[in-house]
Structure formats: structure tokens, C-alpha cells
Amino acid sequence: MSSSTLPRIPGPAEMADLVSRVIGDWAFLPVQAAGRPAEGPAELGLEFSVRLTGPFQCLMVLRGDYDLAAELAEASTGDPSARDDAKDAFKELVNLLASHLCSVFFPQASFDPFLPLPSTPGSWPDQAPSSASVMMVDRFALELRLWISELPHA
Amino acid sequence: MELEIPAQAPSKTVLLIEDSATVRSFLRRVFLKQWPEANIVEAKDGREALHEMTRCKADLIVTDLQMPGMDGRSFIAKLRSNALLKRKRLLVLSSDDLQDLRDLYVEDMGIRFLKKPSSPDEIMHAIHSLEAV
């Protein structure tokens, strides 16, 4: 497969803008872009990833912490008791972001169905991410990384 | 044997099919605010929803698409291929691109599609338009 099948890769500011719109519409929390993350993973306790397979492959990894997830759970439902479902809220954010990532940045591509799964930095590809962005959601850090690559040859 | 009739039957039964507890909690609050007497039945995937439908008579079904187990697309196909259930009112609420389903069910007046995240007003607007059919 030629490299011409790879899409244009969104930059950190574009990714932060997407996150800002999704979280703003869903949980009504402010998001501030903070550039690129440090080379290695920050100490954040929650990580989920989504693997998109279509005309190319995309691994999306989102990292945050439980306090952020609890804030998202409460803010998106308007229910303080929803903080107990913090992990579930974070997973839903990953689902929302992956879907919006596809429709905003890769509108011509069709991908297989996907589900967010828990992951760790140990499962990341060896190479540096194609794009990465760090944001402050309210007062909590959130890291988003994308690895975009061609499909493996059969 | 006499049938026991509840003093005040719930005004409406809503079946929520969604794997996220957070989203189910949000939707439950939206619907109970609109219909405080409603019976809200929850299922985590399409298979659980089909099971619930043998026990409750859902007036309205709200479903996600991306779910582990039986996903929303398979659930909708099963629902619409069943003579008894094919007229059930259905709101599809998903972050997916919904165009393929819109095209597939273009003549089905009993389905509405909404992209997540949607506000309570957008959700209720879609449901009122379903109920007007």
C-alpha cells in the first residue's frame, strides 16, 4: 500500500480544539490547550485506547486521572452520585472522541466498529506518536496521542 | 384468578440500551424530569434489551450503536424484522456517523437519529417528533 493512503495528520492544537468541543458539549467543562505532552507518559491513573482499522490504522490513546473522570461523570449527568462511575465516564469520553476524530479529521474513511479498551503505556507502539496533545480540563491534565500507520501487508 | 391492577400504572415505559452507566444515568434523569411516572428499563446491549422486551412493553426505545455483545445495528435489524416489534418507536443516540442507518431506514417513520453528545432539549425534541408520527 502506498503512503498516499495515509491521511493528513491533525496537529496538537487541532486535537485540543476537538477535545474542547466534545467535552464542552457533553460535560460543559472548559478545556485549555497546553501544547505537546512530555516525551514519556505523565503520572495519570486512567488510560483507554481505541484501535481504528479502515483504509489505514489509527491508535488513539487518552490518559487522565480519576479526579478528572469523576468530574466528567458528575458534570455530564448533573448527578453527584455519578462520580462513582468515574471510569465509565472516561471510557465514554474516549468513545465520543474516537467517533468525532473519525468524522472531523478522516471524513472519507470508513472504519470497522470499535470499542475503547483499558491500556497502558507498555502497549504503545515503539515509535513516537504521529500527533500528541496535552490539555487542561478544568484543573486536570488530559493527554491525547495518535499513531497513524499504513495497514500491515497481508 | 383476579388480575391485580396497579393503582396508578406508569404512564410510559422507556427502554434504554447503552453500555455506559454514565450515559444511562444521564438519560434516566432526562426522561424522569419529563415524565416523573415513567418506568425506565435499562439494558447494556441488544441481547439484554431483547430479553427485557419479553417482560416489559416498551413505548419508546433509546439505543446506542457501539456496544459490546449485540451492538445497536444488530439490535435494530432484529427489531425491524419482527412483525410484532417493527413499529416500536426508536431513538438512535450515538457518536457514530449515522448516515448509513439514515439511508437504510429512510422510509421508517418510527426512527430518529441523534449524534452524541446531545443536550436534553435535543433529545426531547427528537422524541416529541417521534411521538407526533
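Heavy-atom basis, side chains included; hydrogens, waters and symmetry copies ignored. Chain naming here is simple, since letters A, B, ... match the order of the sequence lines and numbering starts at 1 in each.
Enclosure of atom NE2 in B/H128 by more than 12 non-hydrogen atoms of other residues, nucleotides or ligands within 6.0 angstrom is indicated. Counted within 6.0 Å of NZ on B/K116, heavy atoms from surrounding residues, nucleotides or ligands total more than 12; the atom is thus considered enclosed. The 12-atom threshold is exceeded at CD of B/E122, counting heavy atoms of other residues, nucleotides or ligands nearer than 6.0 Å. Within 6.0 Å of atom NZ in B/K78, 12 or fewer heavy atoms from other residues, nucleotides or ligands are found, so the atom counts as exposed in its surroundings. Taking a 6.0 Å sphere around CZ of B/R80, one finds it holds more than 12 heavy atoms contributed by other residues, nucleotides or ligands. Taking a 6.0 Å sphere around CD of A/Q127, one finds it holds more than 12 heavy atoms contributed by other residues, nucleotides or ligands. Heavy atoms from other residues, nucleotides or ligands lying under 6.0 Å from CZ of B/R87 number 12 at most.
Under a hydrophobic clustering in which Ile, Leu, Val, Met, Phe, Trp and Tyr are joined whenever their side-chain heavy atoms come within less than 4.5 Å, directly or via other members, B/I61 and B/L16 fall into different clusters. There is a path of hydrophobic side-chain contacts, each under 4.5 Å, that joins B/V92 to B/L85. Put simply, A/F48 and A/V31 are part of the same group of oily side chains (I, L, V, M, F, W, Y) that touch within less than 4.5 Å, one to the next. Both A/I9 and A/V50 belong to a single network of hydrophobic side chains, linked directly or stepwise wherever heavy atoms of I, L, V, M, F, W or Y lie under 4.5 Å apart.
Interface residues of residues 15-30 of chain A toward chain B, defined by a heavy-atom distance below 4.5 Å and sorted by number: A/V22, A/D25, A/W26. Residue-level contacts of residues 83-112 of chain A with chain B, in order of numbering, are A/D85, A/D88, A/A89, A/E92, A/N95, A/L96, A/S99, A/H100, A/S103; threshold 4.5 Å between heavy atoms.
Interatomic distance, B/D19 CG to A/L115 CG, rounded to the nearest 0.5 Å: 7.0 Å.
In this structure, the portion of B/E18 lying under 4.5 Å from any heavy atom of chain A is its side chain and not its backbone. Neither the backbone nor the side chain of B/D97 comes within less than 4.5 Å of any heavy atom in chain A.
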